Amino acid sequence: MKDHDAIKLFVGQIPRNLEESDLKPLFEEFGKIYELTVLKDRFTGMHKGCAFLTYCARDSALKAQSALHEQKTLPGMNRPIQVKPADSEGRGDRKLFVGMLGKQQSEDDVRRLFEPFGQIEECTILRGPDGASKGCAFVKYGSHAEAQAAINSLHGSQTMPGASSSLVVKFADTDKERTLRRMHQMAGQLGIFNPMTIQFGAYGAYTQAIMQQQAALMAAAQGTCLNPMAAIAAAQMQQMAAFNVSGLVAAPMTPSSGTSTPPGISTAPVPSIATPIGVNGFSPLPPQTNGQPASETIYTNGIHPYPAQSPTVADPLQQAYAGMQHYAGPAAYPAAYAPISQAFHQQAPIIPQQQREGPEGCNLFIYHLPQEFGDAELMQMFLPFGNVISAKVFVDRATNQSKCFGFVSFDNPTSAQAAIQAMNGFQIGMKRLKVQLKRPKDANRPY
DNA sequence: TTATATT
């Protein structure tokens, strides 16, 4: 039998003409073999040039590893033999994520920092496409214990030059965690988990503006397809369907259902949800008298009540923006119309974002966001102005609470300007948004 | 009140 703590070894760089019987003598030198299996292709039966090897004794495995691994090259091979614990042995987490590094720190710098705690198998600085450090790295040790020792000693131990907070040292995400995080991110971009916007239409008149816009598009698409516009609209139907789940347009597009409300979203009548002032500072409209379910009631934009009336596509443009509140006077109106025309050529930005920042002049800083706005809500708010390549709300890392400001990046400056024109000063509850170009990193230096 | 990032 084999030891309870036996190690399964992976053996690589084996000539394909050697079978188990040929290999056995070579490895028996270090102890009694419990199991030796050459890996074969499951369909063709072809020798894969590697094997799994388990000794009866753990000690035999360790001896074989130190004597053979990278130590000799088998006939016909041009790389030395590999003898090391199989991946399946899972020696526990030993890979670390390191954050809050200085952007100028090299792999060598990081190695020097982590060397005292163990054997480093791998050290990689994460870099953007331009090669610039992202201020974080992966460091892999030979064992879990070494990795843990590094965490204990280094996490929070110092603040690197140029970093905004002390060094972060933690176990890296597993593949599963990474996949989950990606999925969650995508779901957020599709607006699937957006109770606020589904129930209330978080930003009142603005929401209505978008809903009207969508309604107009739908009407065009459903009408007689004899004109080019309708054809275009029809071509956008699939994209529209994506929008339909986005919460912003869920209410008008699921007429009088009430049963299609996503799980976890209350369908209780409005008065039980919203106080006269509204939970979020929004005032509810007077009850509708046309038989619409309460859950589809439209909310107004703060102080100024929007006239209660059924949605109509008769004059969607004018009606859509009637409730917008701006610092600017009538001059704001042309800008307010821009989103509607631009919405047509929008490519659904549901492809995962790899880019955080857009070109110069395309990145906006937004302040006075509602506390409950997340990345998805921020993105939805700015979608009508163009291709949003990134929308990020700054959250406090300790409390996970929004700091009520964020960043939105477009792929072109015109969209960014349109967004500023339409959304700067936009009133939400008691606050008005501040929307301006993001300050360049090197600006505002006193000297 | 101007980016805490995951090969």
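Just so we're on the same page: letters track the sequence lines, and every chain starts at 1. The structure presented is a predicted model; accordingly, all values stated were derived computationally and were not measured.
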Is [X] touching bases, backbone alone, or none of the nucleic acid, heavy atoms closer than 4.0 Å?
| X | answer |
| --- | --- |
| A:Phe394 | sugar-phosphate |
| A:Lys170 | base |
| A:Glu177 | nothing |
| A:Thr124 | nothing |

(message) Tell me whether the ring of A:Phe407 lies stacked over the B:dA3 base, given a 5.5 Å limit on centroids and a 30° limit on the plane angle.
(response) yes
(message) By a 5.5 angstrom centroid cut-off and a 30 degree plane limit, is there stacking between A:Phe138 and B:dT7?
(response) yes
(request) Over 60° means perpendicular and under 30° means parallel, so classify the ring planes of A:Phe407 and A:Phe365, tilted if in between. (result) tilted
(request) Taking only Lys NZ, Arg NE, NH1 and NH2, and the carboxylate oxygens of Asp or Glu, determine whether A:Glu19 and A:Lys40 approach each other closer than 4.0 Å. (result) yes
(message) If the threshold is 4.0 Å, N to carboxylate O, is there a salt bridge linking A:Glu121 and A:Arg94?
(response) yes
(request) Check every atom of B:dA3, B:dT4, B:dT6 against the side chain of A:Glu357 and return the nucleotide holding the closest atom. (result) B:dA3
(message) Aromatic contact between A:Tyr55 and A:Tyr34, with the criterion being ring centroids under 6.0 Å apart: yes or no?
(response) no
(message) Please report the distance, rounded to the nearest Å, between CZ in A:Arg439 and P in B:dA3.
(response) 8 Å
